[in-house]
Amino acid sequence: TDQFVSPDYFALDELLTEEQKLIRESVRNYVKKEISPIIEDYAQKAEFPQQIVKQLGDLGCFGPTIPAEYGGGGLDYISYGLMMQELERGDSGVRSTASVQGSLVMFPIYEYGSEEQRHKYLPKLASGEWLGCFGLTEPDHGSNPAGMLTNIRDAGDHVILNGAKMWISNAPFSQVAVVWAKDEQGDIRGVIVERGMKGFSTPTTHGKWSLRASATGELVFDNVAVPKENILNVKGLKGPLSCLTRARYGIAWGSVGAAMDCYDTALRYSLERVQFDRPIGAFQLQQKKLAEMITEITKAQLLNWRLGVLMNEHKASPQQVSMAKRNGCEIAANIARDARQMLGGMGITGEYSIMRHMMNIESVITYEGTHDIHLLITGMDVTGLNAFK
Ligand code: FAD
């Protein structure tokens, strides 16, 4: 079995356009050539492979749905999903870099930015000349970002930004940060903060056992003077939430990519590894694992494809995106764990990708809304009752 042939048990390829298949092929080939051979090493060393920023830009993985006049790909949401699926087949950290750049940095600048802001930032972010990050989470406000303490105060032609953000992907290597902060009226506003502004620092977060090949850091603002032209034209939680909807959509596809790689690896191993004179794939217990994996992957592929159609038609609800994000993470976590067991002792080594995926998914299941939070979103949607507070 070729590891990079997508499981396609229900002939889903027939639902894809030629262009979508070509896009998938090009990202798949990139991952095969540039990511899979090096990523385990970077993860083991807990280092961010900085070269991927330019590569992902060249490949069109940054802001694929942003119009071409701003450097984006002008592509549809299924193409975007397929890109994220293939990147995460390589590593969740690589997909995270692309998700943050495209959905959490480029999208708000495109959607809520002035023409000047769009032209200043988007082409450089699309090409990978600049890397961006998105600061919403704070030390004391994760699932409840509305309680944030980071704030801006009016000071004439600029605002003064104070506060701190935590767990911010890409932060240590970013030139640009889209930061969410409360103004004097208590409204959440988005501000574009640039590296080099006085009082702004990005200390690196060390000691992660997950997403080790992705750089995570804090954003610390100590009386940072930010020009008013860097403020985005949106008020309230809807600003960051609209970005998260796009990124979560990418995670729904991406997590299934990680699951596919675990499944492919376990399937190949089960046909080669012989115990008791038979390939372990001949044992019913191992077949049960493989059969359930491919069933769950197939269901998730169908869910994602349909969600992509709804996204393209501007009909997808954030609640539908929550369900697909939660489902993708859940099946990826379960599949990674079963696949790891199928490899026995080899499953815990870096010779195979499974343990890395398994640890990565622990972040993916937590960020952009935890597993519990997405369940509560579905619960509230179907009952009309809010169980958050
Ligand atoms: P908490 O909110 O403290 O939650 C702790 C537990 O309580 C969870 O299990 C949660 O589900 C549960 N819980 C919370 N509220 C409720 C409730 N009402 N009912 C039931 N259970 C509840 N953030 C950014 O802004 N930008 C980034 O780029 C970014 N990158 C990240 C990268 C990594 C590797 C990680 C780990 C996180 C990243 N995050 C980022 C932060 C992430 O979004 C938060 O960790 C996440 O939202 C959860 O917040 P928390 O960690 O504070 O957990």
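Everything numeric here is computed off the predicted structure, so don't read it as measured data. Side chains included, hydrogens not; waters and symmetry mates left out as well; all remaining heavy atoms used. Whatever order the structure lists them in is the order used to number ligands and atoms, beginning at 1. All residue numbers refer to positions in the sequence shown, counting from 1.
Listed by first and then second residue, the side-chain hydrogen bond (donor to acceptor under 3.5 Å, both in side chains) pairs involving residues 152-171 are Glu138-Lys165, Asp154-Lys228, Asn162-Asn223 (not counting sequence neighbours). The salt bridge (Lys or Arg N to Asp or Glu O under 4.0 Å) pairs that include a residue from residues 320-349 number zero, where partners must be two or more places apart or lie in different chains.
Comment: Lys120 does not engage Glu229 in a salt bridge, judged by the lack of any side-chain N to carboxylate O separation of less than 4.0 angstrom. Salt-bridge formation is detected for the pair Asp58/Lys54: a Lys NZ or Arg NE/NH1/NH2 atom is positioned less than 4.0 Å from an Asp or Glu carboxylate oxygen. In this structure, Arg356 pairs ionically with Asp91, as a charged nitrogen and a carboxylate oxygen lie closer than 4.0 Å.
For ligand 1, the protein residues placed under 4.0 Å by at least one non-hydrogen atom are Phe134, Leu136, Thr137, Gly142, Ser143, Trp167, Ile168, Ser169, Leu211, Ser363, Thr366, Tyr367, Glu368, Thr370, Asp372, Ile373, Leu376, Phe388.
Listed by chain and residue number, Phe48 satisfy the ring pair (Phe, Tyr, Trp, His ring centres under 6.0 Å) test with Phe173 (two or more places apart in sequence, or in another chain).
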